[in-house]
Amino acid sequence: MKEAIRLANENIKNGGGPFGALIADKDGNIVSTGVNRVTANNDPTAHAEVSAIRSASEKLKTFNLEGHTIYTSCEPCPMCLGAIYWAHLDKIYYGNTKSDAKEIDFDDSFIYDELSLSPADRKLTSQQLLHGEAIKTFENWASNTDKTPY
């Protein structure tokens with residue numbers, strides 16, 4: 001955790017946000033690190049946790065990070081939490097809470113609130129289109145015997 005916090009502080013000095021993360025194997029060895037580069041890279045997905053996951057997956061040549069743990073300087077936002085689940089990481093350790101982040105204007109509570117609503121009730125307008133055509137893609141996937149499940 002000290003390294004995740006150190007990464008966050010170093011990133012502030014390098015023009016990034018106050019977030020750092022790392023992924024460690026079961027023996028505690030650091031596999032990858034990531035820092036928040038949203039504004040530096042003009043990439044809204046360049047959060048520390050996502051960057052660390054991308055780096056670990058590339059290094060280990062797998063999308064399944066079972067057996068690994070993520071240490072992050074702050075409780076993950078909804079996007080990062082989703083990425084952590086998709087990566088199959090075993091555990092999350094975090095320093096600051098989402099309430100602490102809100103205090104410095106990194107408030108993601110509106111996203112958590114929106115996710116609890118039905119799509120029709122969300123502020124971001126969404127509408128389903130071409131379901132009859134789109135479902136064929138899922139049918140193709142389901143019947144594909146040469147797929148890699150994840």
Side-chain angles (χ1 to χ4, degrees), residues 1 3-8 10-11 14 16-98 101-102 106-150:
M1 181 55 70
E3 179 63 8
I5 295 166
R6 188 194 70 72
L7 288 165
E10 183 179 303
N11 195 48
N14 294 322
F19 304 97
L22 64 89
I23 293 175
D25 65 19
K26 62 180 170 56
D27 296 322
N29 300 307
I30 296 174
V31 173
S32 68
T33 63
V35 293
N36 181 289
R37 302 302 291 168
V38 170
T39 57
N41 295 356
N42 294 312
D43 179 355
T45 68
H47 289 203
E49 298 90 339
V50 171
S51 297
I53 289 168
R54 287 176 179 160
S55 178
S57 294
E58 184 176 339
K59 181 177 182 180
L60 300 172
K61 300 190 182 337
T62 182
F63 54 83
N64 186 326
L65 299 176
E66 285 181 61
H68 293 81
T69 300
I70 189 163
Y71 295 81
T72 179
S73 62
C74 186
E75 184 176 2
C77 75
M79 176 184 69
C80 293
L81 188 58
I84 289 165
Y85 275 103
W86 277 111
H88 303 283
L89 287 158
D90 290 357
K91 193 163 190 174
I92 304 167
Y93 290 105
Y94 59 90
N96 294 311
T97 66
K98 59 185 177 183
K102 183 177 181 177
F106 286 96
D107 185 11
D108 53 18
S109 61
F110 74 98
I111 300 172
Y112 283 104
D113 294 342
E114 286 285 297
L115 290 173
S116 69
L117 301 173
S118 69
D121 294 328
R122 294 178 186 155
K123 291 179 182 151
L124 181 62
T125 303
S126 64
Q127 180 181 350
Q128 186 178 26
L129 297 174
L130 301 175
H131 180 253
E133 292 180 36
I135 197 67
K136 290 181 174 117
T137 304
F138 282 7
E139 292 166 355
N140 289 338
W141 171 259
S143 66
N144 182 358
T145 59
D146 192 34
K147 64 185 171 212
T148 303
Y150 59 96

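Since the model is a prediction, treat every value here as computed from it, not as a measurement.
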Residue pair [X] / [Y], side-chain donor-acceptor N/O under 3.5 Å:
| X | Y | value |
| --- | --- | --- |
| Asn64 | Thr62 | no |
| Asn14 | Arg37 | no |
| Glu49 | Thr72 | yes |
| Asp121 | Ser118 | yes |

Q.
Between the side chains of Glu3 and Arg6, is the shortest nitrogen-to-carboxylate-oxygen separation below 4.0 Å, so that they form an ion pair?
A.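 Yes, Arg6 and Glu3 are salt-bridged.
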Q. Do NZ/NE/NH1/NH2 and the carboxylate oxygens of Glu58 and Arg54 come within less than 4.0 Å?
A.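 Salt bridge absent between Glu58 and Arg54.
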Taking the side chain from [X] and the backbone from [Y], do they hold a donor-acceptor pair closer than 3.5 Å?
| X | Y | result |
| --- | --- | --- |
| Asn29 | Asp25 | no |
| Glu75 | Asn96 | no |
| Asn11 | Asn36 | yes |
| Ser73 | Gly20 | yes |
| Ser32 | Ala52 | yes |
| Lys147 | Trp141 | yes |
| Asn41 | Asp43 | no |
| Ser55 | Ser51 | no |

For [X] and [Y], work out which heavy atoms get closest and say how close.
| X | Y | result |
| --- | --- | --- |
| Ser126 | Pro119 | OG-CB, 3.7 Å |
| Leu115 | Pro78 | CD1-CB, 4.1 Å |
| Met79 | Thr45 | CE-CA, 3.7 Å |

Q) Is it the case that more than 12 heavy atoms not belonging to Tyr85 sit under 6.0 Å from its OH atom? A) no
Q) Taking everything shown except Asp27 itself, do over 12 heavy atoms lie less than 6.0 Å from its CG? A)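 It does: Asp27 CG has more than 12 such atoms within range.
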Q: With ring pair (Phe, Tyr, Trp, His ring centres under 6.0 Å) as the test, would you mind laying out the steps for Phe106 and Phe19 before giving the verdict?
A: CA-CA 11 Å; Phe106 286 96; Phe19 304 97; 4.9 Å; yes
What's the separation between atom [atom1] in [X] and atom [atom2] in [Y], rounded to the nearest 0.5 Å?
| X | Y | atom1 | atom2 | value |
| --- | --- | --- | --- | --- |
| Ile135 | Leu130 | CD1 | CG | 12.5 Å |
| His88 | Phe63 | NE2 | CZ | 7.0 Å |
| Thr69 | Ile84 | OG1 | CD1 | 11.0 Å |
| Lys136 | His131 | NZ | NE2 | 10.5 Å |
| Tyr93 | Lys91 | OH | NZ | 3.0 Å |
| Leu65 | Ser57 | CG | OG | 4.0 Å |

[X] versus [Y]: any side-chain heavy-atom pair under 4.5 Å?
| X | Y | result |
| --- | --- | --- |
| Pro76 | Ile92 | yes |
| Trp86 | Tyr150 | yes |
| Ile53 | Ile23 | yes |
| Cys80 | His47 | yes |
| Leu129 | Gln127 | yes |
| Leu60 | His68 | yes |

Q.
Cation-pi check for Tyr112 against Lys98: NZ or CZ below 6.0 Å from the six-membered ring centre and within 45 degrees of the axis, yes or no?
A.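 The answer is yes; both the distance and angle limits are met.
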